[in-house]
4 protein chains.
Amino acid sequence: MSLSNARIKALVRRWKIEVPSWAFGDGGTRFKVFRQKGAARNLREKLQDAAIVHQLTGATPSVAVHALWDFADMSPDEARDYARESGLSLGAVNPTLFEQPEYRFGSIGSPEKAARDKALAHLLDCVEIMARVRSRALSVWLADGTNHPGQDDLRARRRRVAEALKIVHDALAPDMTLLLEYKLFEPAFYSTDVPDWGAAYLLCKACGPRASVLVDLGHHAQGVNIEQIVATLADERMLGGFHFNSRKYADDDLTTGSLNPHELFLIFNELVAAGGGKGLYPAAYVIDQSHNVEPKIEAMILSVMNLQAMYARALRVDRAALREAQRRRDVLGAERVLQAAYESDVAPLLAEMRREDGLPPDPFEAYRRSDYARKIERERT
Amino acid sequence: MSLSNARIKALVRRWKIEVPSWAFGDGGTRFKVFRQKGAARNLREKLQDAAIVHQLTGATPSVAVHALWDFADMSPDEARDYARESGLSLGAVNPTLFEQPEYRFGSIGSPEKAARDKALAHLLDCVEIMARVRSRALSVWLADGTNHPGQDDLRARRRRVAEALKIVHDALAPDMTLLLEYKLFEPAFYSTDVPDWGAAYLLCKACGPRASVLVDLGHHAQGVNIEQIVATLADERMLGGFHFNSRKYADDDLTTGSLNPHELFLIFNELVAAGGGKGLYPAAYVIDQSHNVEPKIEAMILSVMNLQAMYARALRVDRAALREAQRRRDVLGAERVLQAAYESDVAPLLAEMRREDGLPPDPFEAYRRSDYARKIERERT
Amino acid sequence: MSLSNARIKALVRRWKIEVPSWAFGDGGTRFKVFRQKGAARNLREKLQDAAIVHQLTGATPSVAVHALWDFADMSPDEARDYARESGLSLGAVNPTLFEQPEYRFGSIGSPEKAARDKALAHLLDCVEIMARVRSRALSVWLADGTNHPGQDDLRARRRRVAEALKIVHDALAPDMTLLLEYKLFEPAFYSTDVPDWGAAYLLCKACGPRASVLVDLGHHAQGVNIEQIVATLADERMLGGFHFNSRKYADDDLTTGSLNPHELFLIFNELVAAGGGKGLYPAAYVIDQSHNVEPKIEAMILSVMNLQAMYARALRVDRAALREAQRRRDVLGAERVLQAAYESDVAPLLAEMRREDGLPPDPFEAYRRSDYARKIERERT
Amino acid sequence: MSLSNARIKALVRRWKIEVPSWAFGDGGTRFKVFRQKGAARNLREKLQDAAIVHQLTGATPSVAVHALWDFADMSPDEARDYARESGLSLGAVNPTLFEQPEYRFGSIGSPEKAARDKALAHLLDCVEIMARVRSRALSVWLADGTNHPGQDDLRARRRRVAEALKIVHDALAPDMTLLLEYKLFEPAFYSTDVPDWGAAYLLCKACGPRASVLVDLGHHAQGVNIEQIVATLADERMLGGFHFNSRKYADDDLTTGSLNPHELFLIFNELVAAGGGKGLYPAAYVIDQSHNVEPKIEAMILSVMNLQAMYARALRVDRAALREAQRRRDVLGAERVLQAAYESDVAPLLAEMRREDGLPPDPFEAYRRSDYARKIERERT
């Protein structure tokens with residue numbers, strides 16, 4: 001038997017998704033950043049946009065921040081207070097370790113001591129910021145790697161990364177976590193210092209108990225079974241969190257759920273299974289996207305809705321029936337149990353849940369009916 | 001029997017490679033453009049850098065230009081004259097159809113008439129520029145595509161592209177060619193309007209006799225046999241040219257020959273085979289790279305040297321022995337014929353060729369010994 | 001506005017899917033063929049199994065046959081009559097060009113004249129068989145290719161294939177078609193003679209009006225946009241048909257719709273769009289799967305149900321709303337139109353359709369409740 | 001400065017490569033096993049073929065065996081003695097855990113206790129065989145996995161595998177090792193129980209000190225940097241060995257070095273670097289190939305020669321110059337150090353080494369001139 005609708009609503013309602021400040025500002029490809037009218041120009045505006053997403057969905061009370069980008073105009077203390085006034089809190093602090101010329105050959109993986117020192121100092125600054133903004137997660141993505149065979153010693157790079165991460169880890173307060181992201185390629189094209197989950201796992205283990213792995217859905221080679229990685233990391237208690245997005249070939253950072261939503265469902269299926277009946281496996285659930293041709297706030301709301309729907313579908317899986325089919329080696333019966341949940345229409349249930357919570361049943365349409373978009377287009381020029 | 005060394009030298013000597021103006025200026029990834037000291041800031045400086053490459057290699061007398069980028073400070077007439085004074089000519093004209101806000105949804109594939117009109121006008125301007133700079137190749141790469149399923153009608157996009165290309169094709173003088181590039185993905189992530197060689201072929205056929213397909217080595221899905229595409233296009237007399245570079249996963253635009261050089265050799269093997277004993281199949285051979293962490297002029301010289309070496313190796317293939325092994329179904333014997341040529345050391349032969357031509361035997365080292373790099377670092381600040 | 005439910009039911013009802021005889025017999029991987037109790041051992045038993053699929057789904061009145069495998073024990077005339085008695089007809093005739101030792105280096109692409117002659121004779125035999133069994137489609141898949149660079153001349157192979165296909169094409173009666181399949185790799189690993197849709201397209205064009213391209217969903221490189229290929233081929237009126245199945249990495253031949261069903265939906269969306277309001281684009285719709293761990297008849301029924309559901313979803317797309325969203329450049333609005341159709345629950349509608357047709361509302365469950373599986377397990381030993 | 005030629009010869013001479021018994025028998029794809037005249041039909045004949053490879057190359061004194069296949073006609077004791085008489089020893093023992101019907105749902109990962117018990121018993125038998133044949137390596141590849149989402153519990157499968165491997169590990173004598181292979185896909189298509197190096201690493205760590213990871217060059221997703229995995233495993237002292245072969249897209253099992261030999265060079269470059277100046281990192285170096293269209297013994301000799309050449313090239317890397325270029329951030333200078341070694345002609349040096357050892361300078365040609373092939377074609381019918 002599946003969970004009751006009431007239980008599903010309760011679990012979905014309880015689940016909080018973090019949105020990234022950077023998705024509200026202009027982003028793009030290496031060929032072009034298309035400016036959008038009304039795109040947020042600073043943290044204040046990003047928090048305003050995040051607040052509207054939360055007001056409409058009730059699901060996104062925290063905002064991940066990017067250390068250098070977000071605290072240019074606003075101190076961490078101001079940011080924390082402004083977030084609180086907006087009904088939000090600040091979430092994961094993301095160091096920015098790829099934009100300055102010193103990082104040409106990497107940050108903490110660089111062969112240049114000056115680069116490593118600068119990067120390490122920035123990471124430790126981020127820990128300071130975390131304390132100030134009451135954030136509990138340091139979310140580390142390294143652009144480090146090489147473009148040419150021979151450019152650097154691959155083992156030396158790994159050791160440098162390990163050494164710095166250990167220092168950062170040890171500087172964290174006991175209730176803080178270090179989330180380490182891996183990525184197959186880009187912006188380094190020949191080798192990436194943390195290329196896959198195995199590499200991230202080993203680095204985290206070497207750090208200590210406060211480090212765990214963050215899975216970004218766009219960071220894998222084609223053909224990789226991501227839900228199996230998720231299951232493995234959860235089984236090892238080393239799954240720290242997610243960066244949600246969607247992709248076709250590379251790290252496309254498209255709206256979550258827009259391509260191969262079935263894969264997303266299978267990931268949630270593992271997360272629910274690993275949650276042991278108490279909802280999702282506990283981790284940092286963060287959206288990480290880049291909106292080029294579509295309106296940013298709409299895309300964020302849609303992503304949140306897609307995530308909630310996928311979670312609800314995973315909760316609809318009749319786990320007793322699934323286990324029974326597995327027990328009987330009923331391969332297709334088991335698949336049909338998943339299929340029934342995946343294909344079930346959860347929109348009415350989620351609309352009901354939102355209504356009960358005083359939220360618009362379709363937050364996307366509610367946003368469109370609001371005049372927020374027109375307002376920011378007018379005001380932010 | 002392989003060709004004689006004299007014949008190989010003669011053929012390599014005769015082969016001219018085009019260098020791209022844009023590789024001498026700063027480029028980068030979506031995360032960061034690293035500024036290099038001494039990087040060319042305008043067409044004049046790019047032509048200076050191209051001239052030094054040609055002086056040292058004797059192999060790169062022409063320079064591909066990017067329409068909007070290169071004629072900002074210099075008119076086509078001035079550019080043509082300045083190139084000539086520098087011992088160069090201008091080569092393929094590349095329209096720039098992805099940077100302006102109108103192109104948010106594409107250029108000639110856009111659903112917006114204003115965008116299509118602007119793009120078509122720019123393409124026709126490029127034909128004008130070609131006449132002015134004595135260029136015979138219009139090299140068209142479209143960034144057009146979609147990021148979301150449903151965003152646009154895929155068949156309509158294709159027809160719009162076909163319609164515009166036909167107009168441009170018909171505007172070309174009889175000795176001009178339209179080279180159409182295809183690309184799997186990026187910057188559009190869900191669909192690309194000209195995604196593969198088949199799509200490019202059909203569009204070219206619909207244009208007429210002056211259109212043919214351009215192969216960029218970084219624009220294929222993983223696992224695709226590029227040399228077979230080259231052989232097929234050559235067999236159909238629809239192979240218009242190349243954009244040379246190297247890649248590991250996506251369109252990495254690394255130095256030609258730096259990764260999987262054996263694949264490059266196999267491509268040259270097909271080009272020599274299709275050349276019917278008279279050297280390479282006639283086409284536009286152009287380098288297209290983006291140098292992020294390595295010095296740009298050095299990288300260009302190295303790419304030219306790698307290309308010449310690969311051509312020389314392909315000329316070393318004992319084609320009679322290969323045919324004979326194939327005739328006897330001697331699979332490994334045939335492979336060994338290719339292997340012998342691939343593994344043969346062609347550096348001495350190419351050094352000799354260069355000496356005979358009054359060139360430095362190792363252009364890369366000669367460049368390093370020159371004070372050109374220091375000079376431009378000093379002067380271009 | 002979407003189509004009415006009545007219209008959707010009428011269109012789905014009218015759509016006929018062909019099942020492959022070979023999926024009812026034992027198949028496997030290169031490591032192991034697992035024998036299934038009750039698996040069909042000859043064409044008679046395959047037709048019995050196909051008949052039960054058609055009885056339960058009402059959707060699969062024809063059966064694709066494999067020339068050598070299926071006519072070992074039964075002549076074409078007997079097969080045709082037995083099929084008719086079973087309420088079926090025979091569909092596409094598939095030549096078998098890869099099993100005999102002569103085909104070591106290929107069939108019609110082989111450098112060995114004896115192999116080519118044998119293969120051509122077999123293909124012409126297949127045309128004879130088509131006449132006898134009243135089949136209108138010759139469905140050609142070539143295992144031809146090479147494993148080693150240099151093993152054969154790639155252009156020569158292509159010409160040999162073209163020459164033979166032309167002869168076969170010209171031997172077809174006017175109402176017969178030649179469907180040409182392409183495949184990236186396997187069983188040849190270095191090069192495949194018809195590796196992609198572009199290659200298949202050119203070969204078909206060279207044959208004449210009765211040749212068109214067949215798309216097998218498992219035959220593409222990773223990251224390729226298959227629905228765009230479908231749209232292109234349909235637009236060129238060169239889409240001849242499909243081999244349906246599902247895959248994760250290579251040509252896995254899994255149950256249709258079991259992985260990335262959203263991609264299948266997007267393909268149907270293009271087929272409905274290309275159908276111009278009259279249902280699917282007209283083509284040969286054939287399932288091609290290999291069932292290793294799951295019961296074969298169940299897997300086939302499930303595949304048929306998944307295909308019908310996907311077609312129904314594609315018919316649910318509100319095309320006027322989609323066009324309007326596209327017209328307004330409402331990227332996310334357009335995506336939501338597709339999403340609404342994809343996520344809509346079509347099971348009740350299809351159950352209703354089946355009931356109206358005197359069919360079981362859930363053919364999969366009906367099969368399980370029948371004693372057919374037990375019967376064949378008992379009888380076929 | 002590079003190593004002296006004398007030193008390079010000494011190191012290459014000392015390096016021993018293991019050949020697989022199974023490559024001398026007939027193999028194939030799922031579509032067809034092409035029988036070769038003279039292919040070995042049993043272990044005796046496989047050992048005869050391996051002996052000729054060793055006689056001609058002097059490099060392959062041991063033969064990996066496949067437990068069920070190889071001891072059908074010959075007991076382990078007889079095999080050990082026969083190998084010794086042939087100038088060989090038996091190497092890694094490979095369990096055969098995929099052919100029997102019990103393994104339909106896996107072996108030690110199966111949900112069926114009977115299958116797990118049978119598989120575990122077979123693994124423990126293999127340990128017995130190892131003692132008998134004086135083998136020190138148990139080389140475990142699992143075909144285990146699932147084809148359908150939901151078919152089994154992914155975490156449960158992992159735990160079952162871990163449990164059995166631990167028992168096997170603990171049954172090993174102190175000087176024995178368990179080598180665990182990973183593989184992305186095939187023959188399971190949805191999930192594989194040991195899909196990547198990270199999964200293999202964790203399982204080995206859980207086993208204990210005698211378990212380490214085996215890298216098969218054909219078992220990775222496209223785009224993965226294999227040399228970096230090798231460097232990481234070596235750095236962690238968890239690199240147990242290799243299965244050498246070559247591939248274009250999947251696990252093609254082609255002749256080692258035939259495709260992308262540069263990647264193989266970069267792997268050897270890491271192995272030499274990790275060897276700390278004393279030659280290669282110590283591990284089990286085993287060839288694992290399947291020869292379909294080429295003569296098997298020739299293909300094996302060519303693979304051995306390609307491996308030796310690649311090792312020699314890696315030894316030619318001027319490591320001091322490489323380090324110096326890296327120290328100066330001379331990206332292209334560093335790459336040129338590798339390139340110089342990769343492009344250097346090592347054939348004369350290896351021919352000299354072989355002559356000094358009383359071996360034919362070109363073992364491949366020597367084999368062709370011998371009448372061994374004709375002899376076995378005559379005798380094995």
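Just so it is clear: chains get the letters A, B, ... in the order the sequence lines come, proteins before strands, and each one is counted from 1.
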Separation between CG (C:Leu202) and CD (B:Glu236), nearest 0.5 Å, reads 4.5 Å
Just checking B:Glu163: does its CD atom have more than 12 heavy atoms from other residues, nucleotides or ligands closer to it than 6.0 angstrom? no
For chain C, find which of B:Arg155, B:Arg159, B:Arg157 contributes the most heavy-atom pairs closer than 4.5 angstrom. B:Arg155
So which part of C:Ala274 gets closer than 4.5 Å to some heavy atom of chain B, the side chain, the backbone, both or neither? both
Which region of C:Arg158, side chain (C-beta onward) or backbone (N, CA, C, O), has a non-hydrogen atom less than 4.5 Å from a non-hydrogen atom of chain B, or is it both or neither? side chain
State, yes or no, whether a side-chain contact exists between B:Asn225 and C:Phe185 at a heavy-atom distance under 4.5 Å. no
Let me know if C:Val337 has heavy atoms under 4.5 Å from chain B in its side chain, its backbone, both or neither. neither
When the 4.5 angstrom heavy-atom criterion is applied to C:Ala234 and chain B, the contacting part is neither
So that I can tick it off, tell me whether C:Glu112 and B:Arg327 are bridged by a salt bridge, with the cut-off set at under 4.0 angstrom between side-chain N and carboxylate O. no
Distance (rounded to the nearest 0.5 Å) between C:Leu154 CG and B:Asp235 CG: 10.0 Å
Which residue out of B:Ala273, B:Gly223, B:Ala334, B:Ala325 racks up the most heavy-atom pairs below 4.5 Å with chain C? B:Ala273
Answer yes or no: is there a side-chain heavy-atom contact under 4.5 Å between B:Glu227 and C:Pro149? no
What residue in B:Arg329, B:Glu270, B:Lys205, B:His220 has the most heavy-atom pairs under 4.5 Å with chain C? B:Arg329
Between OG1 on residue B:Thr192 and CD on residue C:Gln228, distance to nearest 0.5 Å: 7.0 Å
Give the member of B:Gly333, B:Ala199, B:Ala156 that has the highest number of heavy-atom pairs under 4.5 Å with chain C. B:Ala199
Using heavy-atom distances under 4.5 Å, tell me whether C:Asn269 contacts chain B through its side chain, its backbone, both, or neither. neither
Rounded to the nearest 0.5 Å, how far apart are CG of B:Asp153 and CG of C:Leu322? 8.0 Å
Give, for atom OG of B:Ser191 and atom CG of C:Leu266, the distance between the pair rounded to the nearest 0.5 Å. 10.5 Å
Minimal heavy-atom distance between B:Ala221 and C:Val224, with the atoms involved, is CB-CG2, 4.3 Å
Is chain B contacted by the side chain of C:Glu335, its backbone, both, or neither, given a heavy-atom distance below 4.5 Å? both
How far does OG1 of C:Thr146 sit from CD of B:Gln326, to the nearest 0.5 angstrom? 9.5 Å
At a heavy-atom separation under 4.5 Å, does B:Tyr190 approach chain C through its side chain, its backbone, both, or neither? both
